[in-house]
2 protein chains.
Amino acid sequence: MTVGPGTPRSASVKDVAAAAGVSLGTVSNVLNRPDRVSDATRRRVEQAMAELGFVRNESARQLRAGRSHTLAYVMLDAGNPFFTDVAAGIELAAEAAGLALFLCNSDSRIEREASYLTHLEQQRVQGILVTPVDPDAASLVALAQRGTPVVVVDRVRREQALCSVAVDDVLGGRLAVEHLIDRGHRRVAFVGGPPTIGQVRDRLDGARKAWAEAGLPGKDLLVVSSSALTVAEGRSAGARIAGLTARRRPTAAFCANDLVALGLLQQAIRSGWRIPDDLAIVGYDDIDFAEAAAVPLTSVRQPRHELGRMAAELVLDESGNPEHEHQQVVFQPELVARASTLG
Amino acid sequence: MTVGPGTPRSASVKDVAAAAGVSLGTVSNVLNRPDRVSDATRRRVEQAMAELGFVRNESARQLRAGRSHTLAYVMLDAGNPFFTDVAAGIELAAEAAGLALFLCNSDSRIEREASYLTHLEQQRVQGILVTPVDPDAASLVALAQRGTPVVVVDRVRREQALCSVAVDDVLGGRLAVEHLIDRGHRRVAFVGGPPTIGQVRDRLDGARKAWAEAGLPGKDLLVVSSSALTVAEGRSAGARIAGLTARRRPTAAFCANDLVALGLLQQAIRSGWRIPDDLAIVGYDDIDFAEAAAVPLTSVRQPRHELGRMAAELVLDESGNPEHEHQQVVFQPELVARASTLG
DNA sequence: AGGTCGGATTGAAAGGTTTCAACTCAATGC
DNA sequence: GCATTGAGTTGAAACCTTTCAATCCGACCT
C-alpha cells in the first residue's frame, strides 16, 4: 500500500505488468494508447499502478523517444520584473503546447549561462529560449547547429543563423523624447549606461534622432552615463544632475530603464524637487512598479508577454516544423504617459 | 566538421569510440575517470568528440545512475522579488554542490503546481523545494514518501513528515508594532489579507500580542483587510484609511508585505499626507524596492538568502544522507528602520 | 626463461520505456 | 467446416550510458 521510507527505487512497468498479470507491452499501451486496451485489462493495470505507486520514468521515456517535454528560458536577471513578465508570456505558450517550462537564472554571469546551456543541451530539452549576456556569441549558433532549437529573446542578432525576438529600441527612444519635446522641454538628459549594452545604445540613438529632427541643438541633449541599469545608479545620476548649474540643468530626464528612473525619482524627491514641474521623468519597460511609484512614471512599454509568447512559438516551430525558417521579429514599443511628465 | 542542419540525432559514445578506434568503455572512462586512460588515448578520444560534436545524453546517464544532477524550486510567484531572492539563495547552495537549479512558477495556481511536481518527480530530480499554494496538502507527503526529497519553503508544517524552512512571522509582527509603539503611536492599522494566508494571520497575531503587552486597548489596533497582497490593494486600503474620521484615523500602518505598503505609501502621498508625520508606514519582506521607494520604507527583513540556502542544504542532506531526519527550521526576522517611520 | 605485477583497455550487462511485427482467439461469412 | 477478420495482447529490440569483471601486455623480478 503505502511505501515506507528507504524503499528500493520505485516500481517500473515490468513490476506493474507482473502485478496485473499482463505483459509489459500492455502496460505501455495503457499509458500511451488506452483505446487499444480492453476496459477490464485497463482497470486492472491502473489499479496495479496505484497500488505500487508507479511513477513514469521520464529519463527512460526520453531516451527512447529522443525528445523531451520541456522548454527552458535562460534569463539574464530573475530579479528584474521585465524578465519575469517575459517568462510569463513564454509560459502561456508552453502550457498551451503541453510542455513544462524551466527557468534558469544566469544572473548576467557568462559562465553560469554557459553551464546552464550545456546542462539543457545534455538533457535534450525541446527548445531553449535565452536572453544572452553576449548576444553575438558564436556558442549559441553552435548549440543550434548541433540540433537544439534556440531563440534569442530581447536581443537582435545581425545574421540569420538564429531566430530572435526583440523590441525596436530606437523607436522607443524616439517616442520618449518626442513626448518630452511635445511637453515643451528644450533641455533633456539621457540617463543610462554602460554603452556596451545594445539597448542603451539604441535608445540613445532614437533619442538623438528625434532631437535632431525637431531642429534642437545637440548640446541640449546631455548624456548622464551610469555604470549599470539599477536603482542605485539612478540615485547617483540624480545627485549629479542636482550638481549642475541652473543654466545647464535639464528640465526632463529620459532613463534607459525603469529601475534607473525610480532611483532618479527618489533622489529628485529627496532634493525637494516637484515632479514633473522641476524635473519630468520618462522610464523604460513599464514594469508594474513604474505605475506604483510615488509619482506614477511615464514609461515606454514593451509588449513583454507578446515577446515571450512569440519567442516560444518560434522555438516550437523550429522544433516541430521541418520547413522552419529563422526569423527576426521586432515589436513596436508604446509610450504610456503618466504623472511624472503630465503634471 | 561542422554539422549541417537536418543532421541525424547527435553522436553517441559508440560513434566516438569507432572514430577514435577504441572501445566504448574507454570513451566512458575518458568522461568519468580520465586518470585511468593513457594520455595518448585520451587525446585521441577527445579529438573524436570534438569532431563529431558529441554531447552527453543526460537521459541515458540518469537512467543508468538513477539520479539526476538537478534541483528544482517550485515558486508561488516569480514576479514577487521576495521569492526570486529566496531562489538566489537556493542557487548559491546548488551551485556549490555542482547541481543545476530549475525554477518553476506555479503562479499560485494549484493545478499548475501539481503539474510541475508530477513532471519533476517523473524526471527523478534530486530534490524539490516548494512554496506550496496549500502547505498542508497531503500530496506533498505522498511525493516525499515515493522517494523524492521535498522541502517546504516559507511555510511551516505542523507535522514532522517533511522538512520545512520558514521565518517567525509572529515575531515579525511583534517587532513591527513594538517599533511603532516606541515611536509614540497609539492608534495603528494592520493592513493585509486575506486571512486564509498563514503569514497574514501570524503577523497580525504578533502585532496583537505586542499591542496587548504594552497595555494598549485592542480597539486602537484596527484591521484594514485586503483581498490580496498587492500594490493595488495597498492603494485601495489607503483610500479607505483616508475616509476615516480624524478621531479614528490611525497615525501609523503596519502592512502585511511591502507591495501593500508601497501601494499605501503611494496613495498617502497622493492624498497630500507627509510621511511619517501624518502616517508612519511599516512594510514586510524588505524587498529592494522598499529602500528605493519615494519615502524609504521601514520594513521587517526576512533572511531571504539564508532561507533559500538552508532549504537547499536540507534537501541535499535528505537526498544524500541515509540518517537524515526531518527538521523544521525557523529563522528570526529583523526590523529595518527607515524614513517612513523615523521622519 | 618463467612468473608476477599493474596499468590500460575491453565488452557484456543493466537500467525503464516505447514501438512494432507477430501472435491468439473469438466472431463472422460463405 | 474452413477461411477471414480484427480487436487484444505479447515480447524482443532499440535508445545511450555506466559499471565491472575479465583480459591484455609490457615491464620488472628472480
Side-chain angles (χ1 to χ4, degrees), chain A residues 7-46 48-49 52-70 118-119 121-125 146-147, chain B residues 8-46 48-49 52-70 118-119 121-125 146-148:
Chain A
T7 307
R9 224 42 194 150
S10 59
S12 72
V13 275
K14 207 196 235 168
D15 303 322
V16 173
V22 298
S23 83
L24 93 201
T26 299
V27 177
S28 179
N29 280 335
V30 170
L31 288 167
N32 302 298
R33 297 176 219 72
D35 46 304
R36 288 209 196 151
V37 182
S38 73
D39 278 11
T41 312
R42 188 172 46 66
R43 267 194 298 275
R44 209 143 34 91
V45 171
E46 280 167 352
M49 285 184 182
L52 296 173
F54 170 75
V55 176
R56 243 183 187 172
N57 186 323
E58 180 69 22
S59 302
R61 223 182 150 198
Q62 214 171 290
L63 175 58
R64 182 70 232 267
R67 63 166 29 199
S68 78
H69 303 86
T70 306
T118 303
H119 195 84
E121 182 182 19
Q122 294 185 347
Q123 289 240 24
R124 304 288 194 274
V125 294
R146 283 192 301 266
Chain B
R9 224 41 193 152
S10 60
S12 72
V13 275
K14 206 197 237 169
D15 303 322
V16 173
V22 297
S23 81
L24 91 201
T26 300
V27 177
S28 179
N29 281 335
V30 170
L31 288 167
N32 301 299
R33 298 175 218 71
D35 46 304
R36 290 211 194 150
V37 182
S38 73
D39 278 11
T41 312
R42 189 173 43 69
R43 269 195 297 273
R44 209 142 34 90
V45 171
E46 281 167 350
M49 285 183 181
L52 295 173
F54 171 76
V55 176
R56 242 182 185 171
N57 185 323
E58 181 69 21
S59 302
R61 227 183 145 199
Q62 214 171 291
L63 175 58
R64 184 71 233 272
R67 63 166 29 201
S68 80
H69 303 85
T70 306
T118 303
H119 195 85
E121 181 181 20
Q122 293 185 348
Q123 289 241 25
R124 304 287 194 274
V125 294
R146 282 191 302 266
T148 306

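Letters A, B, ... mirror the listed sequences (proteins, then strands); counts begin at 1.
In this structure, A/Asp15 contributes its side chain and A/Ser12 its backbone to a donor-acceptor pair below 3.5 Å. Remark: side-chain polar atoms of A/Arg42 are not paired, donor with acceptor, to backbone N or O of A/Val30 under 3.5 angstrom.
Classification of B/Glu58 and B/Arg61 as a salt-bridged pair holds, one side-chain N sitting under 4.0 Å from a carboxylate O.
Taking side-chain N and O atoms only, A/Arg36 has no distance below 4.0 Å to OP1 or OP2 of D/dG8. Contact annotation: B/Arg64 side-chain N/O to C/dA14 OP1/OP2 distance is not under 4.0 Å. B/Asn32 has a side-chain polar atom (N or O) that falls below the 4.0 Å cut-off from OP1 or OP2 of D/dT18. OP1 or OP2 of D/dT10 has at least one side-chain nitrogen or oxygen of A/Thr26 nearer than 4.0 Å. Side-chain nitrogen and oxygen atoms of B/Thr41 include at least one within less than 4.0 Å of the OP1 or OP2 phosphate oxygen of C/dT9. The phosphate of D/dT9 has OP1 or OP2 within less than 4.0 Å of a side-chain N or O from A/Ser38. For D/dT19, one of the phosphate oxygens OP1 or OP2 lies less than 4.0 angstrom from a side-chain nitrogen or oxygen of B/Arg33. Using a 4.0 Å cut-off, no side-chain N or O of B/Ser12 falls inside it from OP1 or OP2 of D/dC16.
Rounded to whole Å, atom P of D/dG8 lies 9 Å from atom CG of A/Asp35. A straight line from CG of A/Leu63 to C1' of C/dT18 spans 10 Å, rounded to a whole angstrom. In this structure, the NZ atom of A/Lys14 is 16 Å from the P atom of D/dT10, given to the nearest Å. Atom pair B/Met49:CE and D/dT17:P shows a separation of 9 Å (rounding to whole Å applied). Regarding A/Gln123, its CD atom lies at a distance of 14 Å from the P atom of D/dT17, rounded to whole Å. Separating the CG atom of A/Asp39 from the P atom of D/dG8 is a distance of 9 Å, rounded to the nearest angstrom. Atom-to-atom, CG of B/Asn57 to P of D/dT18 comes out at 9 Å; the value is rounded to the nearest Å. For the pair A/His69 NE2 and C/dT18 P, the computed distance is 9 Å after rounding to whole Å.
Counting any heavy atom pair closer than 4.0 Å across all strands shown, A/Arg42 reaches no nucleic acid atom. If you check every strand for non-hydrogen atoms under 4.0 Å, A/Val27 touches nothing.
Checking D/dC16, C/dG16, D/dG11 against the side-chain heavy atoms of A/Val13 singles out C/dG16 as nearest. In the set C/dT9, C/dA12, D/dT9, D/dT9 carries the atom at the smallest distance from any side-chain atom of A/Asn29.
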From CA spacing to verdict: side-chain hydrogen bond (donor to acceptor under 3.5 Å, both in side chains), A/Ser10, B/Arg124 | CA-CA 10 Å; A/Ser10 59; B/Arg124 304 287 194 274; 3.1 Å; yes
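Between A/Phe54 and A/Leu31 there is a side-chain heavy-atom pair separated by less than 4.5 Å.
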